[in-house]
Amino acid sequence: MSFLTVQNLYKSFGGNRAVDDVSFALAKGELLALIGPNGAGKSTCFNMLYGILAPDKGSVCLDGRELIGMKPRDIWRLGVGRTFQITAVYASMSVVENVQMALISHHRKTFSAFTRAARLYRDDAMALLDLIGMKDQADRAANILAYGDLKRLELAVAMAHDPALLLMDEPTAGMAPGERRALMKLTADIVAERGVSVLFTEHDMDVVFENAHRVLVLNRGQLLAEGSVDDVRANPAVQEVYLGGGTTFGGGGDHA
């Protein structure tokens with residue numbers, strides 16, 4: 001049964017149709033990859049799912065509830081988490097404080113001079129850091145972390161919301177190959193353990209093929225192919241346009 005249903009999504013910028021009649025579904029506990037070259041429309045699609053961009057037309061339903069027209073914060077409150085291509089953590093705080101702040105926001109907790117924020121949800125934050133393998137770095141300053149550790153911390157911050165759906169826009173961008181595989185293996189383990197649904201964009205095909213349950217392929221804003229890893233890898237159109245047609249998957253994210 002579909003948990004997220006996207007139907008006939010369109011978005012144009014001037015004369016450029018960035019997302020052109022895209023429809024797909026995501027099941028509960030599924031790890032779904034959305035791939036394509038720079039400019040294919042992946043980030044635009046993500047931004048519409050999260051309420052950052054309004055589509056020209058189309059529907060996005062989460063567990064039967066329409067998301068189009070809702071603000072990102074309201075979508076977040078429904079249980080949709082997101083990570084970004086560029087990490088967004090509080091550099092001046094420690095690792096555990098970053099996760100605590102996310103937990104405070106999730107629980108809508110207020111604090112005062114009599115209830116220091118540093119005391120709130122520390123045990124819960126430590127449990128999340130243990131989940132991502134960073135419990136031993138809890139009291140380190142975030143601004144001295146290696147980039148791969150920052151990406152793992154961002155995942156812990158996203159998980160502090162206890163999301164039912166996690167949108168990960170190029171989660172391994174800027175990471176070394178070994179770090180990429182480790183982060184997505186960690187994500188796949190969380191999916192298996194907690195039943196979280198994940199939609200992620202990715203340029204590293206090894207990461208995609210090793211971890212995704214299914215794959216969607218965008219080309220110039222349109223859905224070119226979808227199916228299992230084996231089906232997509234063997235698809236002649238995908239091989240021509242993406243894997244064997246001279247297109248480079250590395251580098252920055254798309255803007256369409």
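Every heavy atom of this structure was used, including side-chain atoms; hydrogens, water molecules and symmetry mates were not. This structure is a prediction, so every number in the text was calculated from the model and none was measured.
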Check against side-chain contact (heavy atoms from CB on, under 4.5 Å), Glu226 and Val217 = CA-CA 6 Å; Glu226 65 176 306; Val217 186; over 6 Å; no
May I ask you to establish whether Arg233 and Phe209 are in a cation-pi arrangement, using a distance under 6.0 Å from NZ or CZ to the six-membered ring centre and at most 45° from the ring axis?
-> yes
Axial cation check for Phe13 ring with Lys11, 6.0 Å and 45° limits |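 Verdict for Phe13: a cation-pi partner in Lys11.
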Connected via hydrophobic side-chain network under 4.5 Å: Leu199 and Met70 | yes
Taking a hydrophobic cluster as the set of Ile, Leu, Val, Met, Phe, Trp and Tyr residues connected by side-chain heavy atoms closer than 4.5 Å, whether directly or through intermediates, do Ile68 and Tyr10 fall within one such cluster?
-> no
At what distance, to the nearest 0.5 angstrom, does CG of Leu165 lie from CZ of Phe3?
->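 Leu165 atom CG to Phe3 atom CZ measures 6.0 Å (nearest 0.5 Å).
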Can you list every pair that meets ring pair (Phe, Tyr, Trp, His ring centres under 6.0 Å) and has a residue in residues 148-185, with sequence neighbours left out?
->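 Only Trp76-His161, His106-His161 qualify under ring pair (Phe, Tyr, Trp, His ring centres under 6.0 Å).
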Give the C-alpha distance, both sets of side-chain angles, the deciding distance and a yes or no for side-chain contact (heavy atoms from CB on, under 4.5 Å) between Asp139 and Val96.
-> CA-CA 6 Å; Asp139 295 312; Val96 70; 3.9 Å; yes
Can you tell me if OH on Tyr90 sees more than 12 non-hydrogen neighbours from other groups inside 6.0 Å?
-> no
Indicate whether any N or O donor in one side chain lies under 3.5 Å from an N or O acceptor in the other, for [X] and [Y].
| X | Y | result |
| --- | --- | --- |
| Thr172 | Glu179 | no |
| Asp231 | Ser228 | yes |
| Asp169 | Thr83 | no |

Could you check whether any side-chain heavy atom of [X] comes within less than 4.5 Å of a side-chain heavy atom of [Y], counting everything from C-beta outward?
| X | Y | result |
| --- | --- | --- |
| Ser94 | Arg140 | no |
| Leu183 | Pro171 | yes |
| Arg82 | Ile52 | yes |
| Leu155 | Arg152 | no |

Go through the structure and list residues passing salt bridge (Lys or Arg N to Asp or Glu O under 4.0 Å) with Asp136, not counting sequence neighbours.
->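 Partners of Asp136 under the salt bridge (Lys or Arg N to Asp or Glu O under 4.0 Å) test: none.
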What's the verdict on side-chain contact (heavy atoms from CB on, under 4.5 Å) for Leu131 and Glu193, showing C-alpha distance, side-chain angles and the deciding distance?
-> CA-CA 11 Å; Leu131 178 70; Glu193 178 183 333; 3.9 Å; yes
Any chance you could lay out the side-chain contact (heavy atoms from CB on, under 4.5 Å) test for Leu4 and Lys28, step after step, and finish with the verdict?
-> CA-CA 8 Å; Leu4 176 72; Lys28 193 77 173 176; over 6 Å; no
